[in-house]
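Just so it is clear, the values below take in all heavy atoms, side chains as well, and ignore hydrogens, waters and symmetry mates. We count residues from 1, following the sequence as given.
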Amino acid sequence: MDMQTELINLKGVGNVVAERLASAGLVTVGDLLAYYPRRYDDYSHVTAIAQLRPGLVTLKAHFSEIKERRVRRGLHITEAVANDDSGRVRVIWFNQPYRAKNIQAGKPYYISGEFGLQQQRLQIVNPSIELVNDEAVQVGTRIVPTYRETGHLNSTLLRKLILQVQPVMKTLPETLPSWLIEQAGLVSRADAITHIHLPSSSDALQAARERLGFEELFVVMMAAQANRDQAIRTEALAVPFNKEIALDFVTHLPFTLTDAQRKTIWQIYKDIAQTEPMNRLVEGDVGSGKTVIAAMAALMVAEAGLQVAFIAPTELLAQQHADTIAKVFAHSPLKNKIALLTGGVKTSQKKLIKEKLKDNRIQILIGTHALLQESVDWHRLGLVIIDEQHRFGVAQRQKLFSAAGHMPHILCLTATPIPRSLALTVYGELDISIIDQAPSTRAGVDTTIVSPNSTAQMYHAIQQQLTEGRQAYIVCPLINESDVLQVASAEKTYQEISKKQLKGWRVGLLHGRLKADEKDAVMRAFANHELDVLVATTVIEVGVDVANASVMVIQSADRFGLAQLHQLRGRVGRAEHRGHCYLVMSDSQAPSKRMRAIAETANGFALAELDLEIRGPGAIYGTRQHGTLDLRIAKLTDAALIAKARVAVQSFITRGEDLLQYKQIAAEVQRASKLTYLN
């Protein structure tokens with residue numbers, strides 16, 4: 001047996017089971033070993049029922065009095081009594097209807113869960129259970145893995161298969177150089193794979209996690225380094241710094257640049273003065289003044305006779321950037337060489353813009369990713385600015401290089417505060433500038449937590465703001481009402497407030513199912529103050545800028561990540577009017593640590609760190625983006641392991657190691673070099 005052996009050759013795997021395994025991507029022994037458990041239950045410390053104390057407990061007991069029932073709102077409850085020689089205890093599961101059918105009364109089980117006072121009764125809630133006679137449960141110290149179960153696959157079957165392939169684990173070849181394993185204090189890959197599936201102790205499991213997590217981070221960081229090296233091998237057009245032009249531009253701004261803005265633009269000017277392509281990310285909190293940074297970068301490039309592509313994720317944001325750029329360039333001769341190219345532009349106008357672009361009569365072109373289409377013929381593209389897309393893909397970069405014969409400088413902007421541990425991994429090949437100061441022109445935001453039963457005072461305050469000429473957002477997590485999640489929907493909220501709380505005011509509705517032109521029409525109406533209140537889903541989260549809006553209501557706020565709440569809050573208080581953000585909870589229970597944190601701090605970076613710690617990177621980026629990294633073991637909150645991996649990457653490069661000598665790692669680095677770009 002080896003890694004290529006097909007699972008159908010194992011005992012207990014016939015054609016039907018083989019098909020089920022294949023549907024989960026498990027065809028060979030190698031596939032099975034790479035299918036890591038998603039969690040572990042520790043049944044190694046058994047307590048007698050008579051000696052139970054509140055907290056996490058493990059019993060060895062049998063079940064009796066198994067019954068199930070449904071209660072309000074479709075909630076399903078399974079109840080049973082666990083018995084051992086010393087006594088009995090009540091056990092309850094919520095919304096796990098399969099429990100009643102699967103439990104074998106009278107058979108011994110390991111039961112692990114939280115014991116305590118619930119609904120005025122001492123009981124164990126939602127415990128995990130395993131039959132004592134399960135062969136895999138007998139291995140080691142009874143730290144039992146649970147795998148991701150899909151279709152008819154279950155952990156019991158997978159554990160039995162893992163036991164059969166144990167001999168292969170022990171012969172697994174090493175993937176990293178021996179000196180690096182020793183330097184980082186890691187166990188062998190064979191030991192890591194063995195103990196990730198069959199841990200002999202909690203220490204062995206931790207060592208396995210560290211080794212496999214380290215390898216994942218090493219691969220991602222090597223991929224980032226490969227991308228950086230590839231960029232360095234290409235040439236960009238150097239843009240000389242012109243002090244007089246920069247000073248003249250700044251003196252005409254209607255505000256004073258912050259120290260953080262000045263530092264950032266100087267970093268950019270030094271970058272673009274080189275023939276090595278700039279690859280810089282500017283991250284700054286909502287309203288920190290990133291657009292003016294982009295404008296100053298575009299200024300220097302255009303004054304050098306080169307062209308700039310300014311790319312926004314939506315047509316609405318492209319229009320807003322175009323308006324801002326037009327204002328700050330009002331005094332400059334370049335004002336006549338700026339254009340907006342979006343789907344909403346008339347065909348005849350598009351044709352004229354493309355003609356002017358081709359002969360360099362347009363030097364700053366603002367739009368969506370459509371700017372990089374083949375039909376757009378750039379004369380001499382010197383700089384690409386990308387707003388809120390986080391990353392510029394390898395394929396797109398190569399396409400530009402092929403078309404222009406040189407690599408344009410690249411400047412990415414994001415209002416998502418990125419914790420340092422994430423930045424070191426996800427953005428390893430980028431230089432990062434942080435704008436950590438807010439302009440003095442911003443009035444700021446007051447944040448209040450509101451119980452769903454106490455919204456009358458909030459709506460009275462909103463009425464007051466509307467009477468003074470301000471506008472309000474009301475954000476809901478869903479478009480339609482949900483039977484599963486008891487959270488506010490945009491459509492229901494729109495209907496309700498239009499007839500009751502905000503009757504008489506002009507209320508609009510915006511959500512993701514509207515067509516692009518419908519969304520655009522609603523947002524323009526709100527921006528032009530043809531609407532007083534906008535009920536929306538999170539489509540308004542990033543970039544929408546209506547200075548007159550002073551109220552942000554977030555319904556079922558506890559359903560959102562802190563980073564997302566902070567982004568939404570940043571839509572108000574952007575000008576001279578003080579902003580008011582109301583976090584309406586899903587229920588009347590006491591606010592959580594997360595909710596208290598968002599109410600008490602306006603520091604987006606501190607909130608992002610906390611969100612990463614509590615909820616993971618998905619809360620910051622959304623699962624689509626962070627999922628492409630495929631980190632199954634490593635945690636982006638593990639700063640120590642990230643630092644260790646970075647040291648290893650630098651040592652690997654300094655020693656002149658040839659990555660191709662380590663075929664498995666090399667293949668993973670090649671794959672990851674495409675995935676580290678979050679397109």
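For the pair T28/M3, no side-chain contact is recorded, criterion being any heavy-atom separation below 4.5 Å from C-beta on. Side-chain contact between R121 and I92 is absent, with no heavy-atom pair separated by less than 4.5 Å. With a 4.5 Å cut-off on side-chain heavy atoms, L32 and L158 count as touching. The side-chain heavy atoms of L205 and I196, taken from C-beta on, include a pair separated by under 4.5 Å. Taking the side chain as every heavy atom from C-beta outward, V29 and L161 never approach each other to under 4.5 Å. Looking at D2 and V168, their side chains never come closer than 4.5 Å, going by heavy atoms from C-beta outward. For the pair T455 and V553, the minimum side-chain heavy-atom distance is 4.5 Å or more. Side-chain contact between H197 and P145 is absent, with no heavy-atom pair separated by less than 4.5 Å.
The environment of N453 atom CG is dense: over 12 non-hydrogen atoms of other residues, nucleotides or ligands sit within 6.0 angstrom. Other residues, nucleotides and ligands contribute more than 12 heavy atoms inside 6.0 Å of the CD atom of E600. By the neighbour-count criterion of 12 heavy atoms within 6.0 Å, atom CZ of R39 is densely surrounded, having more than that number from other residues, nucleotides or ligands.
With R594 contributing its side chain and F560 its backbone, the two residues share a donor-acceptor pair below 3.5 Å. Between the S651 side chain and the V647 main chain, a donor and an acceptor come within less than 3.5 Å of each other. Under a 3.5 Å cut-off, the side chain of E216 and the backbone N or O of R632 do form a donor-acceptor pair. Looking at R99, its side chain never comes within 3.5 Å of a backbone N or O of A80 through a donor-acceptor pair. Between the side chain of Y109 and the backbone N or O of Q104, at least one donor-acceptor pair lies under 3.5 Å. A donor-acceptor contact shorter than 3.5 Å links the side chain of N126 to the backbone of F94. Between the side chain of E130 and the backbone N or O of V144, no donor-acceptor pair lies under 3.5 Å. The backbone N or O of H62 lies less than 3.5 Å from a partner atom in the side chain of N83, making a donor-acceptor pair. A donor-acceptor distance shorter than 3.5 angstrom exists from the side chain of R596 to the backbone of P591, with no hydrogens or angles considered. K107 places no side-chain N or O within donor-acceptor distance of the main-chain N or O of L131, the cut-off being under 3.5 Å.
In terms of heavy atoms, M595 sits closest to M585 at SD-CE, 3.5 Å. Nearest heavy atoms, A48 versus D84: CA-OD2, 3.6 Å. Smallest separation of non-hydrogen atoms from V187 and I181: O-CG2, 4.3 Å. For the residue pair P177 and E657, the shortest heavy atom distance occurs at CB-OE2, 4.0 Å. In terms of heavy-atom proximity, L568 sits nearest to M552 at O-CE, 3.1 Å. Contact between W93 and P127 at its shortest, heavy atoms only, is NE1-O, 2.9 Å.
Of the inter-residue distances, the one linking E68 atom CD with I77 atom CD1 reads 11.0 Å to the nearest 0.5 angstrom. A distance of 11.0 Å separates CE in M458 from OG in S451, rounded to the nearest 0.5 Å. How far OG1 of T146 is from CG of N154: 10.5 Å, rounded to the nearest 0.5 Å. Summarising the geometry, atom CG belonging to L56 is positioned 12.5 Å from atom CZ belonging to F115; distances are rounded to the nearest 0.5 Å. Atom CD1 in I193 sits 9.0 Å away from atom CD1 in I162 (nearest 0.5 Å). M222 contributes atom CE, which lies 9.0 Å from atom CD1 of I665 (distance to the nearest 0.5 angstrom).
Under the 30°/60° scheme for interplanar angles, the aromatic rings of Y35 and Y147 are found to lie parallel.
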- Query: What's the verdict on side chain to side chain contact (heavy atoms under 4.5 Å, CB included) for E65 and R88, showing C-alpha distance, side-chain angles and the deciding distance?
  - Reply: CA-CA 11 Å; E65 302 177 34; R88 48 197 274 137; 2.6 Å; yes
- Item | side chain to side chain contact (heavy atoms under 4.5 Å, CB included) between L565 and T447, intermediate numbers included | CA-CA 11 Å; L565 289 172; T447 305; over 6 Å; no
- Taking it one step at a time, do I8 and N15 satisfy side chain to side chain contact (heavy atoms under 4.5 Å, CB included)? CA-CA 7 Å; I8 198 168; N15 289 330; 3.3 Å; yes
- Task: List the steps, then state whether side chain to side chain contact (heavy atoms under 4.5 Å, CB included) holds for R209 with I633.
- Result: CA-CA 6 Å; R209 284 179 176 278; I633 300 292; 4.1 Å; yes
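Side-chain polar atoms of T194 and D191 form no donor-acceptor pair below 3.5 angstrom. With no hydrogens or angles considered, no side-chain donor-acceptor pair links T493 and Q555 at under 3.5 Å.
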